[in-house]
J.: 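One structure is given below, represented as structure tokens, and several questions about it will come after.
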Amino acid sequence: MRKAALGAATLLTLGLASLATAADPKYDLLLKGGHVIDAKNGISAVRDVAIAGGKVAAVAAKIDPAEAFKVVDVSGLYVTPGLIDLHVHVFAGTGEKNSYAGDNSLYPDGYTLRVGVTTVADAGCAGWRNFEEFKTRVIDRSKTRVLAFLNIVGNGMRGGAYEQDLADMAAAPAGEMAKKYPGLIVGIKTAHYAGPEWTPVENAVQAGTIANIPVMVDFGADKPERPVADLVTKKLRPGDIYTHMYSGLRHELVDGHVNPGLVEGRKRGVIFDVGHGGGSFAWRVAVPSIKEGFVPDSISTDLHIGSMNAGMKDQLNVMSKFLALGLSLDDVIKQSTWNPAREIKQEGLGHLSVGAGADVAVLRLENGNFGFVDSFGGRLRAKQKLVCEMTLRDGKVVYDLNGLARPDWTTLPPDYKSTSDPRWAGGPGR
Ligand SMILES: [Zn+2]
């Protein structure tokens, strides 16, 4: 250390000051003066965050800017772990019409990084028969970290007949495929089932048990033979996830109050997820539920072609809805970072501990007049809205709304070509 400092001093005397500071600073990037919200580490306070080698290197009240190659002033903004969206549909590119293993899905990067999301979990677009195609087409090619709930249906979410085929809901091959990709397949999904049988849920739980991963349930059609209370009090295991919790489509409310079965399920350890989507979030369900304390464990979008331009829009829009419902910013961040990470047993994600991968969101809480629309066209007016200023993936800036990391062009040489450096800038070398 002492030797390096001496070297820098020598260069300085040679009039190479800028080269000297660039030579071997301790940190690649320093986010200075932001309000850090990190639920795992119990931090909600102004902190500097230093990054080196793609990892969080230090979080402290004051870090010397001279120790960093690049300093970005984020004062007045919130610095959080990269957001985790636990329920999306991103198996795009197969060309299959009317299919979530096709045209109903979206390539993730255009819908994630620009709203601070660095990790998504695909909610069952692929089953064991087509998971490896999904991996090759999307997972391996995306800048967003894409994890997956494997559909209990071998053919995945290809629509109509496929998703009703009980014979294709085999636990063993699904469980085995999940075991082949630990940390990538993080759960089993059952969805859209219209029949009266419990078979999809039972087989999903069996597959989840084989691979020691949770099950996420979209409970499909509302059937008296399989009430939602029985699902969460008898069929699911602690740690399994009920998504679409505010849809109102399956008796989530009874006589205007939260279904006592759901409350009982939560006591047993069943997890409740938003999964907003195109048809699964109603103010008339969410408002009374939250008044009774039935808040989400995780906030997720259910991103797909039917929700992207409707009331859902994106992760920050859904999070802003929960601010409007009276949840604290700290809670809403926790429900979009550390909580979902734990739900899928990915405890390396969702926090800013020293040594963790530096996936980071820099957010602004805007004040103004905003409207938030539910899945049934009801609007709720509110005064605050979250906006993403900057997103880091593995320590690199991959989204920068207002150019916080960039110099004013008038300060650059007349023939400037690039202001980037691979130590902090992601994407093309601009
Ligand atoms: Zn979904």
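Whatever order the structure lists them in is the order used to number ligands and atoms, beginning at 1.
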J.: Is atom CZ of Arg379 surrounded by more than 12 heavy atoms (other residues, nucleotides or ligands) closer than 6.0 Å?
T.: no
J.: Flag His244 as yes if one of its N/O/S atoms falls below 2.8 Å of the Zn ion (ligand 1), otherwise no.
T.: no
J.: Testing the 3.5 Å rule here: is there a donor-acceptor pair between the side chains of Ser307 and Asp302?
T.: no
J.: Anything under 30° is parallel, anything over 60° is perpendicular, the rest tilted; go ahead and classify Phe134 against Phe131.
T.: perpendicular
J.: Report the atom name of the nearest N/O/S atom of Asp302 relative to the Zn ion (ligand 1).
T.: OD1
J.: Closer than 2.8 Å to the Zn ion (ligand 1), do we get an N, O or S atom from His304, backbone or side chain?
T.: no
J.: With a 4.0 Å cut-off on N to O distance, would you call Asp297 and Arg266 a salt bridge?
T.: yes
J.: Hey, which N, O or S atom on His89 ends up closest to the Zn ion (ligand 1)?
T.: NE2
